[in-house]
Chemist: 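My questions all concern the structure below.
Just follow the structure's listing: the first ligand is 1, and inside any ligand the first atom is 1. Along the sequence shown, residues carry numbers from 1. The analysis underlying the following values was restricted to heavy atoms, covering all of them including side chains, and did not include hydrogens, waters or symmetry mates.
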Amino acid sequence: MTLLPQLLRKQLTLALEEADAEIPEGFQVAISLATDARFGDYQSNSAMILAKRLKQNPRELAQAVVDAGEWDGLCETPEIAGPGFINFKVTTEILQKHTLSVFIDGHLGVPQAATPHTVIIDFSAPNVAKPMHIGHIRSTFIGDCLNRVARYLGHKVITDNHIGDWGTQFGMIIYGWKKYLNKEALAEDAIRELVRVYRQVNAEAKADEAVMQECRDELVKLQQGDAENHAIWQETVDLSLDQLRSIYDWLDISFDHYLGESFYNDRLGPVVDELIEKGLGEESDGAICIFFRDIPALAEKPAIVRKRDGGFNYATSDLATIDYRISEWNADKIWYVVGAPQQLHFQQIFAATTLRGNDVNMTHITHGSILGSNRKIMKTRDGDNVQLLDVLKEAVERAKVLVVEKNPTLSDNEQKDISEAIGLGAVKYAELSQHRMTDYIFSWDKMLSFQGNTAPYLMNAYVRTRAIFRKLDGNVTFPDTITLEAAGERNLAIKLAQFGETVPDILNDFRPNLLANYLFELAQTFHGFYEECPVLKSEGNTRASRLLLCELTSKVLKQGLDLLGIRVTDRM
Ligand code: ARG
């Protein structure tokens with residue numbers, strides 16, 4: 001499927017050639033959405049940019065290009081605005097044809113990636129034996145959305161939850177497990193009990209060096225493969241994973257693999273040996289380091305891959321992980337959705353990977369923080385992190401109040417189902433509608449509002465489309481030609497065409513908010529259309545065309561929300 005901006009770009013490029021404009025090497029003609037729909041559907045600043053380079057008058061060049069171009073059958077004669085923008089309004093025939101082909105296209109006009117990649121997405125990755133907290137929302141939802149989008153575009157995606165299941169905290173956990181564990185409490189809520197034990201030991205160890213030493217000894221025993229300690233560790237990991245999985249299931253998020261840090265244990269020594277052999281691992285103060293002397297930003301910041309005491313660390317484990325992903329999965333891209341504080345770590349392991357001669361494209365997809373209403377990181381009254389599960393439960397409870405109020409006639413099952421969709425959808429959408437780099441304030445009132453750029457608003461737009469078809473009771477056949485006459489119809493058709501333009505753009509800079517904003521605009525455009533254009537009361541081809549627009553809107557809303565990980569319901 002050729003997108004409308006592609007058709008315009010091709011024609012504009014030809015027009016530039018016709019106008020004898022000297023096009024410099026590598027110059028790309030650009031078409032973007034019109035900033036003001038009154039002047040057209042799309043616009044281009046290319047004549048302006050070119051004129052500047054060629055030292056010509058931009059409006060004159062734009063005029064020459066418009067005069068030289070062949071626009072018949074594609075758009076009305078383009079108009080020149082401001083300092084030399086060219087505005088395009090595609091013809092109704094083209095728009096009608098395009099709308100029909102989007103309607104019958106299995107991907108709703110979203111083009112498939114020209115070169116499908118094998119992409120590993122490393123996201124969520126909580127540390128075990130601790131509950132997931134509100135801060136995990138960002139990596140978890142962004143990663144899941146990128147997974148959905150990349151798959152939809154035809155890439156081969158492998159999601160891997162690189163859980164933190166190996167680390168110094170296990171010394172304390174094992175010590176506490178042996179001394180203080182309450183088995184009943186463990187059976188009831190494993191993570192809560194593990195946290196309790198951990199805290200108790202932590203406090204004790206801080207006050208008493210002997211306890212600290214005992215914890216260290218337990219850790220060494222674990223690392224040396226002591227059977228009892230290993231069994232305790234395994235049980236802790238299993239219990240944690242059970243709880244994690246139930247949260248992910250509830251959120252409809254799935255991972256192909258859960259290869260946590262422990263999985264790479266046996267591979268760390270060989271990685272360091274290989275680094276030393278290649279001359280990349282150098283001894284410094286008894287530790288083995290990789291130096292990045294040629295990279296100014298890292299010149300003073302070597303990565304330690306083996307500590308003085310012989311232990312390995314986070315960087316070593318990530319290098320082993322990269323090796324595995326390349327050799328076992330043929331990764332050609334790895335996306336790490338991890339908060340900004342780990343920037344240095346990723347710069348180091350990316351640089352090390354290049355030094356090792358591995359050919360894989362890696363990106364650290366960072367994000368900002370979620371704040372409370374006081375603009376600080378959200379905490380509970382006791383100063384603890386706010387648990388993710390508590391947030392999700394509260395979201396669903398709050399949604400239920402709204403659902404019952406909005407539609408008291410729903411059955412209990414419907415109420416439950418719709419409240420879950422709205423509650424979980426609202427939390428996801430509050431995240432995904434933000435630019436990932438901005439910090440945002442977590443606000444229940446805002447995210448659960450039926451007005452504005454929210455999940456309930458979008459889900460409700462979908463419900464409206466379904467309500468139309470419910471009235472028809474299945475009595476609908478869609479036409480194979482459509483007519484677009486009213487302004488509302490045209491606006492909606494243009495908006496629908498943009499789904500295929502928006503989805504690929506998400507991956508340019510990993511921005512789910514582009515899709516969220518698009519869906520919000522689509523829902524608004526649909527409401528505008530619906531107010532202006534009666535559907536069921538109209539007749540003939542007008543009615544058929546409008547029904548088709550409603551159905552296509554419905555499909556795009558559903559698919560678009562699905563790419564954000566948000567489920568729609570037919571009623572609410
Ligand atoms: N478990 C780590 C943390 O909680 C995140 C892991 C990210 N992934 C990776 N391959 N380093 O900070």
Side-chain angles (χ1 to χ4, degrees), residues 118-144 146-147 157-170 173 191 194-195 198 233 236-237 240-241 243-245 247-248 253 255-265 267-268 271 290 303-305 312-329 331-354 356 358 360-370 377 384-388 436 510:
T118 300
V119 187
I120 316 306
I121 312 185
D122 181 320
F123 69 102
S124 198
N127 296 328
V128 302
K130 284 188 194 164
M132 281 217 270
H133 57 80
I134 191 166
H136 287 108
I137 280 182
R138 300 210 81 165
S139 166
T140 306
F141 295 171
I142 294 170
D144 180 53
L146 296 176
N147 166 37
V157 181
I158 298 175
T159 50
D160 185 14
N161 198 346
H162 191 73
I163 50 174
D165 59 359
W166 196 253
T168 47
Q169 79 269 30
F170 281 102
I173 292 173
I191 296 192
L194 289 171
V195 169
Y198 176 81
W233 167 80
T236 314
V237 172
S240 299
L241 275 178
Q243 285 201 355
L244 284 177
R245 282 208 170 91
I247 297 186
Y248 292 129
I253 292 176
F255 293 92
D256 298 309
H257 301 278
Y258 280 80
L259 299 185
E261 290 175 23
S262 68
F263 178 79
Y264 297 96
N265 240 337
R267 300 168 195 258
L268 306 182
V271 167
I290 309 179
I304 302 175
V305 289
F312 305 104
N313 52 23
Y314 193 39
T316 332
S317 144
D318 258 320
L319 292 180
T321 306
I322 293 167
D323 288 348
Y324 186 85
R325 289 171 177 172
I326 296 175
S327 66
E328 297 299 311
W329 298 335
D332 47 12
K333 286 179 189 272
I334 307 178
W335 298 342
Y336 296 89
V337 190
V338 185
Q342 295 194 24
Q343 193 177 13
L344 175 62
H345 167 73
F346 285 107
Q347 284 173 345
Q348 290 174 326
I349 65 161
F350 294 176
T353 301
T354 309
R356 297 173 79 204
N358 280 336
V360 59
N361 170 304
M362 297 189 285
T363 314
H364 177 198
I365 301 167
T366 63
H367 53 75
S369 310
I370 300 179
I377 300 287
D384 292 333
N385 284 321
V386 178
Q387 291 195 23
L388 180 57
R436 63 181 164 80
F510 308 102

Chemist: Just to be sure I'm reading this right: ignoring hydrogens, which of Y314, Y264, F346 gets closest to atom 5 (C) of ligand 1? Compare them by their nearest heavy atoms.
Modeler: Y314
Chemist: Any side-chain heavy atom of N358 sitting closer than 4.5 Å to one from D323?
Modeler: yes
Chemist: Does the side chain of H257 come under 3.5 Å of the side chain of N161 through a donor N or O and an acceptor N or O?
Modeler: no
Chemist: Is there a polar contact between ligand 1 and Q342, counting only N or O atoms under 3.5 Å apart?
Modeler: yes
Chemist: If you count the atoms of ligand 1 from 1 in the order shown, which ones are under 4.0 Å from a heavy atom of Y336?
Modeler: 10 (N)
Chemist: Could an N or O of ligand 1 be found under 3.5 Å from any N or O of H345, whether backbone or side chain?
Modeler: no
Chemist: Quick test of your reading of the structure: of G260, A125, G135, whose heavy atom lies closest to atom 4 (O) of ligand 1?
Modeler: A125
Chemist: Can a side-chain donor-acceptor contact be found between Q342 and Y336 if the only test is distance below 3.5 angstrom?
Modeler: no
Chemist: What about D122: any of its N or O atoms under 3.5 Å from an N or O on ligand 1?
Modeler: yes
Chemist: Heavy atoms only: which of I120, V338, N127, D318 lies closest to atom 9 (C) of ligand 1?
Modeler: D318
Chemist: For I304, look at atom CD1 and say whether over 12 heavy atoms of other residues, nucleotides or ligands are found less than 6.0 Å away.
Modeler: no
Chemist: Might you work through the side chain to side chain contact (heavy atoms under 4.5 Å, CB included) test for V338 and H364, ending with a clear yes or no?
Modeler: CA-CA 7 Å; V338 185; H364 177 198; 3.8 Å; yes
